[in-house]
J.: 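Input: one structure, supplied below.
Just so you know, these numbers use all the heavy atoms, side chains as well, and skip hydrogens, waters and symmetry mates. Every chain is numbered from 1 and lettered A, B, ... according to where its sequence line falls, protein lines coming before strand lines.
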Amino acid sequence: MRWSSLFIPTLRDAPAEAEAASHRLLVRGGFIRQLQSGHYSMLPLGWRVHEKVAAIIRQEMNAIGGQEFFLPAMHPASLWQKSGRWETMGDEMFRLTDRKGAELALGMTHEEVFATLAAEITSYKTLPQVWYQIQTKFRDEPRPKSGLLRVREFFMKDSYSFNLDDAGLDAAFDAHHAAYTRIFARLGLDAFPVQASSGAMGGSASVEFMVASPAGEDDVARCNGCGYAANVERASAALDPVENRPGSDTPESFNTPGIRTIAALAEAGHPAEHQIKSLLYNVNGQLTVLLLRGDHPLLEQKFIDYTGATDIEPAEADDIRSALGASPGSLGAVGVTDLPIYADLALQGRSGMTTGANIDDVHLTGVDVERDIKVDHWVDLRGILEGEACISCGEPLSIVRCIEAGHIFKLGRKYAEAMGAKVLDADGVTQTITMGSYGIGVGRAMAAAAETHHDDNGLQWPMTIAPYEVVITIVKTDHQESMAAAENAYAELQAAGVDVLLDDRPGRPGVKFADAELVGIPLRLTVGPRGLENGQLEFADRRDGIKSDLAVDQATQHITDLVNQGRRLGT
RNA sequence: CGGGCUGUGGCGCAGCUUGGUUAGCGCGUCGGUCUGGGGGACCGAAGGUCGGAGGUUCAAAUCCUCUCAGCCCGACCA
């Protein structure tokens, strides 16, 4: 293609609202434009990248036996009512009503629809199956952000495996794991698998593929010693042993006027690790007590995963007061019998602890957790902290901010059950199919690549997903010899199957160099009178910045070789 | 949903505190001349219901009320 006839609206300044590097550069480079919060138009350059990402995903999905579908984005409410998610998805699901008054939803994922199709499988002989699509998802995100990283309308590759038994599901899951590893490598993403919470999706196991980036939204605990990696939503770490302070036969109360926080109580001689943090939550409408060690943060997702609760929020001060008789700052669980109590495992065996007395400005000390508190459930509730020891090897854990590029789930039989996806096995016995589901956000993968491949001058696309692989920059468009040489190279590269862009715009070379770098085309061939005098074209590699001169008659071959090399490596 | 912030030509901003000519500036765009190896210079031009509605006033981008939109930080997800 010729740059002079393309729509590539590059900007010198990034829009003020764009902060993430990928957001700024994708807008500046003329790849995307925002229509409204969470909805982006893909411009021609952006769509080329998007389609290259999708093509790689397709190849790898097909390689593990995936069959491509294309399902409706609009679903009847009845489908989601069957699985129970019409309720549980809450405000996250876009809902609408048609002219007949029928309720509809815009699909946020497609377990229900695929499971409905899977109900047509009647024999174990038809299994296993791997089905996928690349299709628009709609999610009414509370807070879209960072350009393409978090949006309300996006293309997702979602695939679903259908197997007769757990061993089959394990194999399908492993195949996806391997395919995802290949996909991200080819996209130029340094993604690593981490143990993850399954969240609202349910199911027994899930793994996220993470790309370290400050623009991400997830924190991952990572061990450099043994390779342990887990989303902090479910990461655990070894506890530093704490020696209990001397206890007493019964808790003793003492006055603590004006002391309302863990920190204040610590200053008053009760170190945080010897305090019990008492939190009150509304859990599906039930007032519930959560207990942690004073210096440990609550990780709500762990609680949600343990209880299966769909709706939790900190309790209102009024409700707390009427239930316990005190305000936050003086709360405790000693003597509480009428509320469910969940205690973090770090409190097991602890005594000589300090906690609120449920009387304003009074605390208790000498508390023995197991003796004095009616704990209903011992649960891992705490968020781990940077530097705590790895549970398997003892090395300190680091916490890394990441972009979630992919997520794979073992779903089990929940959806197949709801949709009636059953088969007869070899013994003629009816079995419910077991499912897995596997997702990659195409636009997010693209943004993650932009996020991790750029410099001050712009993007540095990996060859595999670059909108064009080579740009030929003509320094002087009114110089006959330059034009002829550029046209010649352009024709040769096209003939070699290279995605080549000819920057034939009249104008100053500085603008063209800057645009080529902003847009991030991996290889640049500069054609100008200065080089041609010596029978040379100048070559620049955007990825490493290295420049060299190439003889006119060897340039296109050299570049073709580099393109082919880059396509293989994903660099 | 809680907290912070912003809406003025395509992009970046000033003007608002203390209402008062025709709403400015840089970039970009169009025409022209000179240029031509890292966002060039000069001349000329187009382009704005100042987010929207209501109000105060002789007079509103500016003051008041309501509202909408967008961004960032936290609770949710590919």
Side-chain angles (χ1 to χ4, degrees), chain A residues 9-20 23-24 27-28 30 33-39 57 89-92 108-109 134-159 180 191 196-201 206 208-211 216-218 231 233 281 298-301 304 310-314 403-409 437-448 457-458 473-479 482 506-518 524 526-533 538 540 547:
Chain A
T10 58
L11 299 175
R12 248 170 118 155
D13 298 309
E17 67 271 11
E19 286 201 356
H23 187 191
R24 297 170 63 85
V27 173
R28 278 191 62 205
R33 287 293 185 267
Q34 186 184 61
L35 181 62
Q36 58 173 331
S37 180
H39 299 264
I57 294 173
M89 284 305 188
D91 292 336
E92 192 103 350
M108 10 193 331
T109 173
I134 297 177
Q135 188 250 16
T136 307
K137 301 289 184 261
F138 295 90
R139 294 184 186 177
D140 193 355
E141 292 288 343
R143 186 152 96 82
K145 58 172 289 202
S146 304
L148 255 29
L149 278 174
R150 181 174 204 72
V151 292
R152 303 202 303 173
E153 175 182 352
F154 60 100
F155 268 71
M156 178 164 93
K157 185 289 297 175
D158 49 323
S159 50
Y180 274 37
S197 156
S198 297
M201 203 66 92
S206 87
E208 290 167 327
F209 286 81
M210 294 295 199
V211 176
E217 303 180 79
D218 284 271
N231 193 306
E233 287 174 355
Y281 269 74
L298 169 68
L299 217 152
E300 289 185 8
Q301 188 66 41
I304 291 169
T310 51
D311 181 26
I312 82 164
E313 56 184 6
I403 297 167
E404 180 186 351
H407 199 162
I408 59 180
F409 296 87
S437 96
Y438 316 88
I440 296 177
V442 181
R444 183 183 283 183
M446 172 178 163
N457 295 326
T473 302
I474 306 170
V475 173
K476 272 174 72 75
T477 49
D478 56 0
H479 182 247
S482 291
R508 305 188 62 86
V511 175
K512 300 196 207 182
F513 292 140
D515 271 347
E517 282 161 13
L518 174 60
R524 187 178 84 211
T526 305
V527 181
R530 213 158 70 189
L532 287 174
E533 277 176 22
E538 292 114 291
K547 298 182 180 178

J.: Rounded off to whole Å, could you give me the CD-to-C1' distance for the A:Glu217 and B:A75 pair?
T.: 12 Å
J.: Could you give the CZ-to-C1' distance, from A:Arg152 to B:C76, as a whole number of Å?
T.: 14 Å
J.: Over all strands shown, is A:Ala514 touching base, sugar-phosphate only, or nothing at heavy-atom distances under 4.0 angstrom?
T.: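 The answer is base, as A:Ala514 lies within the cut-off (heavy atoms under 4.0 Å) of a base atom.
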J.: Using atom C1' of each nucleotide, how far apart are B:G10 and B:U29 to the nearest Å?
T.: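 Pairwise C1' distance, B:G10 against B:U29, rounds to 8 Å.
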J.: Quick one: label A:Val151 by what it contacts on the DNA or RNA (base, sugar-phosphate, nothing), any heavy atom closer than 4.0 Å.
T.: base
J.: Taking Watson-Crick (N1-N3 plus N6-O4 or O6-N4) and G-U wobble (N1-O2, O6-N3), each under 3.5 Å, can you produce the dot-bracket string of RNA chain B? Use [ ] for crossing pairs and | for inter-strand ones.
T.: ((((((((.[[[[.)....(...]]]].((((((.....)))))).....[[[[[..)....]]]]])))))))....
J.: Between the base of B:G40 and the side chain of A:Lys512, is there a donor and acceptor pair under 3.5 angstrom?
T.: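 No.
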J.: Over how many whole Å does the gap from A:Leu149 atom CG to B:A78 atom P extend?
T.: 15 Å
J.: If you assign each of A:Lys145 and A:Phe513 to its closest nucleotide in RNA chain B, which residue comes earlier from the 5' end?
T.: A:Phe513
J.: Which listed nucleotide (B:G37, B:C76, B:A78) is nearest to the side chain of A:Ile304?
T.: B:C76
J.: Check this one for me: any side-chain N or O of A:Ser37 less than 4.0 Å away from OP1 or OP2 of B:C71?
T.: yes
J.: Under 3.5 Å, is there any donor-acceptor pair linking the side chain of A:Arg524 to the base of B:G38?
T.: yes
J.: May I have the distance from A:Ile403 (atom CD1) to B:A78 (atom C1'), rounded to whole angstrom?
T.: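 Going from CD1 in A:Ile403 over to C1' in B:A78 covers 12 Å.
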J.: How would you label the contact of A:Glu208 with the nucleic acid (heavy atoms, under 4.0 Å): base, sugar-phosphate, or nothing?
T.: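 Answer is nothing: A:Glu208 stays at 4.0 Å or more from every strand.
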J.: For the pair made of CZ in A:Arg12 and P in B:G28, what is the distance, rounded to whole Å?
T.: 5 Å
J.: How is A:Pro529 classified with respect to the nucleic acid when contacts are heavy atoms under 4.0 Å: base, sugar-phosphate, or nothing?
T.: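 A:Pro529: base contact, heavy atoms under 4.0 Å.
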J.: Any side-chain N or O of A:Gln34 less than 4.0 Å from the OP1 or OP2 oxygen of B:C71?
T.: yes
J.: Please determine whether a side-chain nitrogen or oxygen atom of A:Gln301 lies at a distance below 4.0 Å from atom OP1 or OP2 of B:C76.
T.: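 For B:C76, OP1 or OP2 has a side-chain N or O of A:Gln301 closer than 4.0 Å.
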J.: Please state how far atom CD in A:Glu17 lies from atom C1' in B:C5, giving the value in whole angstrom units.
T.: 13 Å
J.: Please measure how far the P atom in B:G20 lies from the corresponding atom in B:C64, and state the result in whole Å.
T.: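 Roughly 15 Å separates the two P atoms.
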J.: Evaluate the side-chain proximity of A:Arg143 to A:Glu217: yes if any heavy-atom separation is below 4.5 Å, no if none is.
T.: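 They are not in side-chain contact.
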J.: Just call it for A:Ala405: base, sugar-phosphate, or nothing, with non-hydrogen atoms closer than 4.0 Å on any strand.
T.: sugar-phosphate
J.: Mind checking A:Glu313 for me? I need base, sugar-phosphate or nothing, with any heavy atom below 4.0 Å counting as a touch.
T.: nothing
J.: Only one of A:Thr473, A:Leu532, A:Val475 clears side chain to side chain contact (heavy atoms under 4.5 Å, CB included) with A:Val527; which?
T.: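 Per the side chain to side chain contact (heavy atoms under 4.5 Å, CB included) rule, the option paired with A:Val527 is A:Leu532, out of A:Thr473, A:Leu532, A:Val475.
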J.: Mind checking A:Gly441 for me? I need base, sugar-phosphate or nothing, with any heavy atom below 4.0 Å counting as a touch.
T.: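 Touches a base.
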J.: Between the side chain of A:Arg24 and the main-chain N/O of A:Ala18, is any donor-acceptor distance below 3.5 Å?
T.: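 It does hold such a pair.
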J.: Base, sugar-phosphate, or nothing: which does A:Ala445 touch, judged by heavy atoms less than 4.0 Å apart?
T.: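 Since no nucleic acid heavy atom lies under 4.0 Å of A:Ala445, the category is nothing.
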J.: In whole Å, I'd like the distance from the CG atom of A:Asp13 to the C1' atom of B:G12.
T.: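 In whole Å, B:G12 C1' and A:Asp13 CG are 4 Å from each other.
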J.: Tell me whether the side-chain N or O atoms of A:Arg143 pair up with the base of B:C77 as donor and acceptor below 3.5 Å, since no angle test is needed here.
T.: no
J.: Among B:G70, B:C72, B:G37, which nucleotide has an atom closest to any side-chain atom of A:Ser146?
T.: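 Nucleotide nearest to A:Ser146's side chain: B:C72.
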J.: Measure from the side-chain heavy atoms of A:Lys476 and tell me the nearest of B:G36, B:C76, B:G37.
T.: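 Out of B:G36, B:C76, B:G37, the nucleotide with an atom closest to A:Lys476's side chain is B:G36.
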J.: Across the strands shown, which category fits A:Gly528 at heavy-atom distances under 4.0 angstrom: base, sugar-phosphate, nothing?
T.: base
J.: Show me the protein contacts with nucleotides 45-49 of chain B, counting only N or O atoms at under 3.5 Å.
T.:
none

